[in-house]
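One structure below.
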Amino acid sequence: MPLALLALAVGAFGLGTTEFVMMGLLPDVADDLHISIPAAGHLVSAYALGVVIGAPLLAALTARMPRRTVLISLMALFVAGNALSALAPGYDSLLAARFLSGLPHGAFFGVGAVVATNLVAPERKARSVSLMFMGLTVANIAGVPVATLMGQHLGWRATFLGVSLIGVAAMAAVALLIRGADAPAPVSGLRGELTALRSLPVWLALATTVVGFGALFSAYSYITPMLTDSAGYADSDVTLLLALFGVGATVGNLIGGRLADHAMRGTLFGGLASMVAVLFLFPVLMHAQWSAALAVTLLGVAAFITGSPLQLMVMERAAAGPSLASSANQAAFNLANAGGAWIGGVALAAGFGVTSPSLAGAALAVLGLGVASVAFAVDRRRDVPSTGRERVVASHVPEAAEPVHS
């Protein structure tokens, strides 16, 4: 695997850290700005809203720019957003800065995934995407806990300054390690990118992401009360347990990338089926501390096995213009976050018990299997290959030579 993938992983690490660290800093930010915890929670929503809006918008606006330039520009916007967060004088300005920080998130992952597949041979495309995403999963193991501790001891503003420095390092890594020939300007431009989004298989792939990862967030959004109220852990133990989720996510991400290069359909179905099984067993596994820790780890493994195949599936169904569709998949991921959390909350509000969000998640995972099955059935009718070795943008071959599946 080329060293240039490290540059993408560094950027992903910074994005993952700033996305999730706010959850741990909410009390500190609320106390410092004299706002309530629910109001501070809007800072999390502002970032997610920035991702959903920024992913397709920035991908469209930069459709004719060289991808190396796009990646550096997106990280510059990321640095600016986090620096402004650190310097924000009040709540409203911090809310705006968090929204700004979220804008480049989806576009960086979307364009970065296309660049990653350009760097390797066709049979290693899924692995290249998984190595970039590894920066995101490692952020949950190391980046978020360290950044949270920094905020608790040095102040939350120091955390965002530290994350800005990660963004500067990512800009330097992209500039040094990714050559212009590895990330050329797209031939198709905005029209080609928009045309690719008119394809039914692309929308079915995006729907699979929304429903499949909605299953994860239905349970994960309420993992803390499950661990404390059902498994009997102390509040102070939750941070370590969430790190176990990050370990599982990293393992699942690497497994999914390797398997998807050989059988993308089988890997995707296997990951979704594993999520059904793990989430269905959650209420039982949450009755003992050792099994609850195992459940959290297995959830990370099962969920992130599907990450690389879902990203590659979207890109391959939009082969004529993969950047916009790939970025839209990141918006779909954040819609899954919001929608899954809402569905899990409905189960809790209905009085079905503290572990009921996991059963709602299992139902969503079953629905995800159904959507994925429809997607592959449509592919067969359209004679679209689904072996996991399709060409997204063949290495060193102009994009114009690629077939349009629409």
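All heavy atoms count here, side chains included; hydrogens, waters and symmetry mates do not.
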With sequence neighbours left out, what residues match [X] under side chain to side chain contact (heavy atoms under 4.5 Å, CB included)?
| X | value |
| --- | --- |
| A347 | S356, A360 |
| A234 | S236, D237 |
| L77 | L58, L100, L103, P104 |

Donor-acceptor pair, distance only, cut-off 3.5 Å: does the side chain of [X] make one with the backbone of [Y]?
| X | Y | value |
| --- | --- | --- |
| S101 | A97 | yes |
| S164 | A83 | yes |
| S218 | A215 | no |
| S230 | L227 | no |
| T69 | M65 | no |
| Y222 | S358 | no |

(message) side-chain contact (heavy atoms from CB on, under 4.5 Å), that's the test. Do V79 and M171 meet it? Break it down for me.
(response) CA-CA 9 Å; V79 170; M171 290 174 62; 4.1 Å; yes

Side chains of [X] and [Y]: does their closest heavy-atom pair fall under 4.5 Å?
| X | Y | value |
| --- | --- | --- |
| L177 | L5 | no |
| I223 | M286 | yes |
| Y91 | H42 | yes |
| F108 | L15 | yes |
| D261 | E123 | no |
| V366 | L272 | no |
| F109 | L136 | yes |
| R157 | L87 | no |

(request) State which residues pass side-chain hydrogen bond (donor to acceptor under 3.5 Å, both in side chains) with D229; sequence neighbours excluded, sorted by chain then number. (result)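 Here no residue qualifies.
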
If you take all heavy atoms of [X] and [Y], which pair is closest and at what distance?
| X | Y | value |
| --- | --- | --- |
| A293 | L244 | CB-CD1, 4.1 Å |
| A295 | L285 | CB-CD1, 3.6 Å |
| V21 | A147 | CG2-CB, 3.5 Å |
| M75 | A170 | CE-CB, 3.9 Å |
| M226 | P357 | CE-CB, 4.0 Å |
| M313 | A375 | CE-CB, 3.5 Å |

Any pair counted as ring pair (Phe, Tyr, Trp, His ring centres under 6.0 Å), so long as it reaches [range], sequence neighbours left out:
| range | answer |
| --- | --- |
| residues 43-86 | Y47-H105 |
| residues 279-300 | none |
| residues 346-366 | none |

(request) Check step by step if side-chain contact (heavy atoms from CB on, under 4.5 Å) holds for T208 and V314. (result) CA-CA 10 Å; T208 305; V314 171; over 6 Å; no

Enumerate donor-acceptor pairs with a distance under 3.5 Å from any side-chain N or O in residues 249-260 to protein atoms, sequence neighbours excluded.
residue	atom	partner	partner atom	Å
T250	OG1	T137	OG1	3.0
T250	OG1	G246	O	2.9
N253	ND2	S130	O	2.6

(message) The test is side-chain contact (heavy atoms from CB on, under 4.5 Å); show your working for R317 and L200 and say whether it passes.
(response) CA-CA 9 Å; R317 300 323 179 252; L200 176 61; over 6 Å; no

(request) With sequence neighbours excluded, tell me which residues meet ring pair (Phe, Tyr, Trp, His ring centres under 6.0 Å) with Y233. (result)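 By the ring pair (Phe, Tyr, Trp, His ring centres under 6.0 Å) rule, Y233 matches no residue at all.
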
(request) Could you list the residues that satisfy ring pair (Phe, Tyr, Trp, His ring centres under 6.0 Å) with F217, not counting sequence neighbours? (result)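 Here the qualifying residues are F333.
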
(message) Enumerate the side chain to side chain donor-acceptor pair (under 3.5 Å) contacts for residues 326-352, please, sequence neighbours excluded, ordered by first and then second residue.
(response)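 Every side chain to side chain donor-acceptor pair (under 3.5 Å) pair that includes a residue of residues 326-352, provided the two are not neighbours, is T209-N329, Q311-S326, Q311-N329, Q311-Q330.
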
(request) If a pair satisfies side chain to side chain donor-acceptor pair (under 3.5 Å) and one of its residues is in residues 73-85, list it, with sequence neighbours excluded. (result)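 Those involving residues 73-85 are T18-N82.
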
(message) In this structure, is the centre-to-centre distance between the rings of F304 and F133 below 6.0 Å?
(response)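 No, the ring centres sit 6.0 Å or more apart.
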
(request) Begin from the C-alpha positions of W156 and D31 and carry the test side-chain contact (heavy atoms from CB on, under 4.5 Å) through to its verdict. (result) CA-CA 11 Å; W156 61 269; D31 289 343; over 6 Å; no

